[in-house]
Amino acid sequence: MLSPIDHYLQALHARLSDVTSGELASYIPELTKADPAWLGISIVTMDGVAYTVGDADQLFTIQSISKPFVYGMALADRGQENMAEKVGVEPSGDAFNSISLHPRTGAPLNPMINAGAIATTSLVAGRTTEAQWERIESSIATFVGHPVTVDESVYRSESATGHRNRAIAWMLKNFGIVEGEPMDSLENYFRQCAIQVSCRDLAYMAATLANGGVHPLTGRRALPTEHVGQVLSVMATCGMYDFAGSWLYEVGMPAKSGVGGGVIAVVPGRFGIAIFSPRLDAKGNSVRGIEACRHLSRDFGLHMFQQARDPRQALGRVYTGADASSRRKPAGPARQHLIDHAHRIKYLSLHGMLGVDGVEYVIRCMLGMAGDTDCFILDMNQVSGLAESAAQMLHEVRRALAADGKPVVCSRVHRRAAILQPLAKAARNLDRGFLVFEDNDLAVEWCENRLLQGLGATEELAVPLAESPLLRGFSDDLLRLMDTHMSTESYTAGDSILKAGEAGDGRIFFIETGRVSILVPLDDGGHQRISSLGPGMEFGEMTLLGQTQRTASVVADNDVRCRVLRVNDLERLAQQAPQAKILLLENLAKDLAVKLRGATQWIAALA
Ligand code: GLN
C-alpha cells in the first residue's frame with residue numbers, strides 16, 4: 001500500500017511535469033545527451049527509508065554536488081584551521097565558474113564555486129593524485145552506500161573543453177593554494193564531477209549529512225560529526241551560488257546543485273532530499289529542482305528557521321522499580337525491603353536526538369523527583385544521538401546527584417558511537433563517567449543491590465532447604481525423607497550448570513549458597529540474561545511439568561552449592577509419601593501464578 005508521502009510525491013511529480021523552462025547545460029558537450037523530460041524526486045528518512053517517484057534510478061553525473069562532500073573530506077584530512085587558510089567560507093554572490101579569489105591571498109571565497117572546489121580537491125589526503133582519487137571515490141561511495149563509477153565520456157568531454165577551469169587551476173597554483181601539480185588535481189576534479197549517481201543515491205548522501213555523517217542504512221560513518229555542521233553551513237550560504245540568498249530566504253535548507261541536473265537539500269536530523277531534472281536556469285540550477293524544494297519546504301514545514309521543538313519529547317515514560325523490578329527475586333528480609341523501597345528507583349526513558357533543550361527538561365524532571373529517589377536509570381534505547389553540550393549537562397547533574405548519594409546510571413546504549421562519544425568526551429578529568437548496563441534488568445538489579453546494601457550480605461548465608469518456596473508446607477519428617485533422596489552439586493564462577501536446548505535430565509536444583517544467572521540464547525549468538533537467582537531459590541523445576549528440553553541456560557555467577565532432586569527419585573519418594581509430590585506441584589502452580597502476574601505488570605509498565 002502506498003503511503004501518503006508517496007501520494008504527495010506523485011502529485012508533485014505530476015505538477016512539475018508541465019514545467020518545461022530552462023536549458024540543458026551545453027558547455028560540457030556530453031551533457032546535452034540528457035533527456036530534458038527526466039524528473040526524479042527522492043526523500044530519505046533518518047531510519048534509511050527512501051520514498052521515490054519518477055526517474056529516481058536514472059544515472060547522471062553528480063557535478064558540483066560532489067563539492068560539499070569533497071570539502072568534508074579535506075576538512076577531515078587537514079583540519080578546519082588549515083583549510084581556512086586555503087579556502088574561505090564567504091558567499092561570493094557570483095556564478096559557479098567565477099574567479100572569485102581573495103584579492104591579497106588568492107584564496108577562493110568558498111568551496112562551492114569551482115575555484116574553491118578545485119583547491120579543495122587538491123587538498124584531500126593522499127601522497128599521489130591517484131591516492132587522492134581513491135580517497136575521493138571511496139568516500140563518495142560511503143556517502144552513497146555502495147560503490148560508484150565514473151561516466152568516462154562526460155569526464156573526457158569536460159576535460160577536453162574545460163579551459164576556464166584550467167585557467168582557474170593555474171591561478172590557484174600562482175597563489176600557492178594548490179600545492180601539487182595543478183593539472184593533475186584538475187583531472188581529479190573533472191573525474192569527481194563525472195561520478196555517476198541516481199536521484200535516490202543523492203538523497204542517501206543528503207540523508208547521511210542530515211544524520212550527523214552516518215549513512216542511515218549502512219550505519220557507516222562517512223564524515224566526522226564535527227565537520228557536518230561546517231559542510232552544511234557552506235551549503236546554506238553558498239550552495240546555490242548567486243541564488244543562495246533567495247534560496248535561504250524562501251526554502252531555508254542547506255542545498256547544493258549540479259549542472260547535471262541534480263539538487264540535494266538537507267533537513268538536519270530529519271530528511272535527505274534529492275531532485276533530478278536536467279533543465280537549468282541561467283544560474284545553472286535545476287529549474288524543477290528548485291521548484292520541488294520550494295513545495296517540499298512549504299508543504300512539510302522544512303524551513304530551518306521555522307522549526308519549533310517541544311523539549312518534552314526528549315522524555316518518554318517514567319516508571320519506578322516497583323512498577324518493574326529486576327527478575328531476580330531475593331529471599332527473606334531483602335524481599336520485603338525491596339517491596340518497601342523499590343519505588344525509590346526511577347527509570348527515565350529518553351527519546352530522539354538529545355540536545356540542550358531536551359536534556360534541560362529531563363534534568364528538571366530528575367531534580368523534581370530527587371527527594372523521592374535513590375537511583376536513576378536513564379534508558380537510552382530510543383536515543384538516536386546526543387549533542388556534546390547535552391552530554392556535558394547530563395554529566396554535571398550525575399555528579400551533583402552522586403555527591404548527594406543518588407547514583408545515575410545508563411542502560412541500553414548498545415555500543416552506539418553517537419551516544420558513547422559525547423558521553424566519553426564529557427567525562428574527561430579523572431571522571432569515569434556513567435555506569436552503563438546492557439539492559440534495564442541489569443541496571444535495576446544494580447540499583448536494588450544498592451537499596452539492599454544496608455541490610456548485610458544476605459547472599460552469602462546458606463538458606464536451609466526448608467525455606468525453599470517449592471517446599472512450603474512440608475513437615476519436618478517429609479523434609480528429612482526428601483533430603484535422603486537428594487544429592488549435593490557444587491559449581492564455581494562461570495560454570496555452565498544447564499544448557500539451553502539440552503535434553504532435560506529431570507534434575508531440580510535448590511540453591512543453598514551462591515548466585516546463578518538464567519540466560520536465553522539470542523539469534524545473534526549472544527545471550528540475554530532473564531534473571532538471577534540466589535539462596536533459597538530453585539531452577540529446573542519446569543521438568544516437573546514434563547518439559548523435556550531446557551529452554552534456558554544456567555551459569556554460576558560465583559561459588560554455588562545446590563541440593564538436587566531427580567524426578568525419578570521424586571516418583572520413588574511419592575510411592576512412600578504421595579503428599580510430597582502433591583505439595584510440590586501445588587507450590588509450583590502458585591509460583592507460576594506469581595511469575596505470570598509479575599510479567600503482566602512489566603508489560604503494563606512498558607506499554
Ligand atoms: N564540472 C562542472 C564545472 O566545473 C561542475 C559545475 C556545476 O555543476 N555547477 O563546470
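When a ligand or atom number is given, it counts from 1 through the structure's own listing order. Quantities reported herein were computed from a predicted structural model and do not represent experimental measurements.
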### Query
Please state which protein non-hydrogen atom is closest to atom 10 (O) of ligand 1 and give its distance, to 0.1 Å?
Tyr27 OH, 2.4 Å
### Message
Which residue and atom name correspond to the protein heavy atom nearest atom 4 (O) of ligand 1, and how close is it?
### Response
Tyr189 OH, 2.7 Å
### N or O pair under 3.5 Å between Val259 and ligand 1
yes
### Message
Can you report which non-hydrogen protein atom sits closest to atom 6 (C) of ligand 1, along with the distance?
### Response
Ser64 OG, 2.9 Å
### Pair Lys283 + Asp281, salt bridge at N-O below 4.0 Å
no
### Task
For Arg220, look at atom CZ and say whether over 12 heavy atoms of other residues, nucleotides or ligands are found less than 6.0 Å away.
no
### Message
Is Asn165 close enough to touch ligand 1? Criterion: a residue heavy atom under 4.0 Å from a ligand atom.
### Response
yes
### Task
Check each heavy atom of Asn114 against ligand 1 and say whether those closer than 4.0 Å belong to the side chain, the backbone, both or neither.
side chain
### Task
Using a strict 4.0 Å threshold on nitrogen-to-oxygen distance, state whether Arg191 and Glu187 make a salt bridge.
no
### Query
Is the Phe276 ring parallel, tilted or perpendicular to the Phe60 ring (thresholds 30°, 60°)?
parallel
### Task
Just jot down the ligand 1 atoms closer than 4.0 angstrom to any heavy atom of Gly258, in number order.
8 (O)
### Message
Is the contact between Cys193 and ligand 1 made by the side chain, the backbone, both, or neither, using heavy atoms and a 4.0 Å cut-off?
### Response
side chain
### Query
Do the rings of Phe143 and Phe69 sit parallel, tilted or perpendicular, given the 30° and 60° boundaries?
perpendicular
### Query
Has Glu438 got more than 12 heavy atoms of other residues, nucleotides or ligands less than 6.0 Å from its CD?
no
#### Entry: Part of Phe190 with heavy atoms under 4.0 Å of ligand 1, whether side chain, backbone, both or neither
neither
